Amino acid sequence: MIGYYFITDKNLSKKGITSDVKEAIRAGVKCVQYRSKDMDSEKAYAEALRLRRLCKDITFLINDRVDIALRADADGVHLGQDDLPVAMARRLLGENKIIGLTVHSIREAKEAKKSGADYIAVSPIYVTKTKRDAGKPRGPALIKKIKKTVKLPVVAIGGINLSNAREVIRAGADGLCAISCVVTKSNVKNEIGKFQQLFKDATD
Ligand code: 3NM
């Protein structure tokens with residue numbers, strides 16, 4: 001079980017990503033992903049290094065940037081379909097690092113397994129404004145289909161909030177990301193706690 005999976009978003013964050021990550025750790029998340037789409041390499045590296053230190057006891061992943069993951073000694077990367085291919089990232093990172101891949105279909109999920117991804121993010125589940133090019137919503141049914149056919153941990157992402165998270169968990173997601181409905185709130189730790197409770201309720 002991955003549970004609530006935290007992804008940084010400095011544009012949406014109310015208190016800044018350092019504060020958000022600290023609160024996510026205090027909430028007990030097992031995984032933090034540093035996502036920074038529009039920053040130069042040195043700034044992104046410095047920020048990644050700071051967060052790596054904060055996330056010393058949990059899984060710390062970098063979105064897209066294998067180079068920054070290597071420099072900051074992250075635990076791995078999260079890649080999109082248009083990023084470096086998983087096999088190439090694996091060669092650069094080695095067997096011990098984690099590679100996650102975003103998928104939008106069963107075909108992509110099967111490919112992810114073949115290429116050696118460690119987990120997949122199924123996306124977008126619902127309509128989201130956070131990622132402009134997320135594409136059309138796939139609904140929780142895709143999670144169910146993928147869980148039946150592909151033996152990889154599944155994280156759900158895109159438009160997830162407290163009203164629809166139950167159906168995502170019921171569809172078999174091992175974890176979920178919900179960015180805007182968490183980082184725009186004053187108490188990030190409490191908001192994360194509500195999602196974690198939904199996972200607990202589902203397993204009790
Ligand atoms: N990736 P929110 S959707 C980072 O579909 C990201 O691949 C997506 O934010 C994808 O929880 C997304 O605010 C943003 O909808 C998710």
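Since we're looking at a predicted model, the values are computed, not measured. Read the numbers this way: they start at 1 and go in the same order the structure lists the ligands and their atoms. Numbering starts at 1 and runs along the sequence shown.
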- prompt: How far apart are the C-alpha atoms of T18 and R50, what are their side-chain angles, what is the distance that settles it, and do they pass the side-chain contact (heavy atoms from CB on, under 4.5 Å) test?
  reply: CA-CA 8 Å; T18 304; R50 256 189 316 107; 2.8 Å; yes
task: Check the pair C31 / L61 against side-chain contact (heavy atoms from CB on, under 4.5 Å), numbers first and verdict last.
output: CA-CA 8 Å; C31 185; L61 305 178; 3.9 Å; yes
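A salt bridge links E42 and R71; the closest N-O separation between the charged side-chain nitrogens and carboxylate oxygens is under 4.0 Å. A salt bridge is absent between R65 and D83; no separation between the charged side-chain nitrogens and carboxylate oxygens falls under 4.0 Å.
T184 places a side-chain N or O within 3.5 Å of a backbone atom of S180 that can act as its donor or acceptor partner.
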Distance dump, ligand 1 polar atoms to protein, N/O, under 3.5 Å:
unit_1   : atom_1 : unit_2 : atom_2 : d
ligand 1 : 5 (O)  : S123   : OG     : 2.7
ligand 1 : 7 (O)  : S123   : OG     : 2.8
ligand 1 : 9 (O)  : T130   : OG1    : 3.4
ligand 1 : 11 (O) : I179   : N      : 2.8
ligand 1 : 13 (O) : T130   : OG1    : 2.5
ligand 1 : 13 (O) : S180   : N      : 2.8
ligand 1 : 13 (O) : S180   : OG     : 2.5
ligand 1 : 15 (O) : T128   : OG1    : 2.6
ligand 1 : 15 (O) : G159   : N      : 2.8

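Using a 4.5 Å heavy-atom threshold, the side chains of E47 and Y34 count as touching.
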